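FYI, side chains are in, hydrogens and waters are out, and symmetry mates aren't considered; it's all heavy atoms of this structure. Bear in mind the structure is a predicted one, so any value in this text is a computation, not a measurement.
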Amino acid sequence: MKISREEMQRLSVAERIELIGALWESIEESGDLPALTEAQRAELERRLALYSHEPDRTRSWSEVRERLAREG
C-alpha cells in the first residue's frame, strides 16, 4: 500500500494515529528494531529503579489505557 502525503493529511487525527500504530506494529513484527541509545537505556534503568523502590506509584499499561479511554 502506498499513501501520499496529501492523502495522509486528509485523514483525521484519529485516523493518522491509528496509521502510526499500524506502522509501529509492522516494525515490531519484523523484529528489525533499532538498538536503544544510551539515553534510552539510562531512562529505562531509572524507571525500573523507581518501580523497584515504589511499586505502588506505578500503573500497568492496561490501567493507563483504561484511564485514557474514560477521560478521552
Side-chain angles (χ1 to χ4, degrees):
M1 175 173 117
K2 189 171 183 173
I3 184 169
S4 71
R5 185 170 190 84
E6 292 79 26
E7 289 171 312
M8 284 188 282
Q9 289 174 331
R10 284 194 295 263
L11 297 173
S12 69
V13 171
E15 289 169 325
R16 284 184 268 169
I17 291 170
E18 187 176 334
L19 179 58
I20 291 168
L23 287 169
W24 182 250
E25 286 174 9
S26 73
I27 292 168
E28 283 182 319
E29 290 167 1
S30 75
D32 192 21
L33 296 172
L36 293 175
T37 66
E38 285 305 313
Q40 290 168 327
R41 188 176 311 283
E43 178 63 14
L44 289 172
E45 289 173 3
R46 183 191 71 78
R47 291 179 186 197
L48 184 57
L50 179 61
Y51 172 73
S52 295
H53 289 35
E54 300 180 70
D56 293 339
R57 292 188 59 204
T58 62
R59 299 294 174 258
S60 70
W61 178 231
S62 60
E63 290 171 316
V64 172
R65 278 194 318 246
E66 289 173 12
R67 188 192 85 219
L68 291 172
R70 284 192 310 269
E71 294 173 1

Working to the nearest 0.5 Å, report the span between CD of Gln9 and OG of Ser4.
8.5 Å
Working to the nearest 0.5 Å, report the span between CZ of Arg46 and CD of Glu43.
4.0 Å
Out of curiosity, Leu48 CG to Leu44 CG, how far, rounded to the nearest 0.5 Å?
8.5 Å
Distance-only, no hydrogens or angles: does the Glu71 side chain make a donor-acceptor pair with backbone N or O of Leu68 under 3.5 Å?
no
In Å, rounded to the nearest 0.5 Å, how long is the span from CD1 of Ile3 to CZ of Arg5?
11.5 Å
For the student: nearest non-hydrogen atoms of Arg16 and Met8, plus distance:
CD-O, 3.3 Å
Between CD on residue Glu45 and CD on residue Gln40, distance to nearest 0.5 Å:
12.0 Å
Using the rule that Ile, Leu, Val, Met, Phe, Trp and Tyr join whenever any side-chain heavy atoms are under 4.5 Å apart, tell me whether Leu11 and Ile20 fall into a single cluster.
no
Answer yes or no: is there a donor N or O on one side and an acceptor on the other, between the side chain of Glu66 and the main chain of Glu63, under 3.5 Å?
no
Please give me the minimum heavy-atom distance between Val64 and Arg59, naming the atom from each residue.
CG2-CB, 4.0 Å
Given the rule in the side chain to side chain contact (heavy atoms under 4.5 Å, CB included) test, do Asp32 and Ile27 qualify, once you have shown the distances and angles that lead to the verdict?
CA-CA 7 Å; Asp32 192 21; Ile27 292 168; over 6 Å; no
Quick check: are there more than 12 heavy atoms from other residues, nucleotides or ligands sitting under 6.0 Å from CD of Glu18?
no
Tell me, with the steps shown, if Ile17 and Val13 meet side chain to side chain contact (heavy atoms under 4.5 Å, CB included).
CA-CA 6 Å; Ile17 291 170; Val13 171; 3.8 Å; yes
Would you call Arg10-Glu6 a salt bridge at under 4.0 Å N-O?
no
N/O donor-acceptor pair under 3.5 Å between Glu54 side chain and Tyr51 backbone
no
Stepwise side chain to side chain contact (heavy atoms under 4.5 Å, CB included) test for Arg47 and Thr58
CA-CA 10 Å; Arg47 291 179 186 197; Thr58 62; over 6 Å; no
Hydrogens and angles aside, do Ser26 and Glu29 bring a side-chain donor and acceptor to less than 3.5 Å of each other?
no
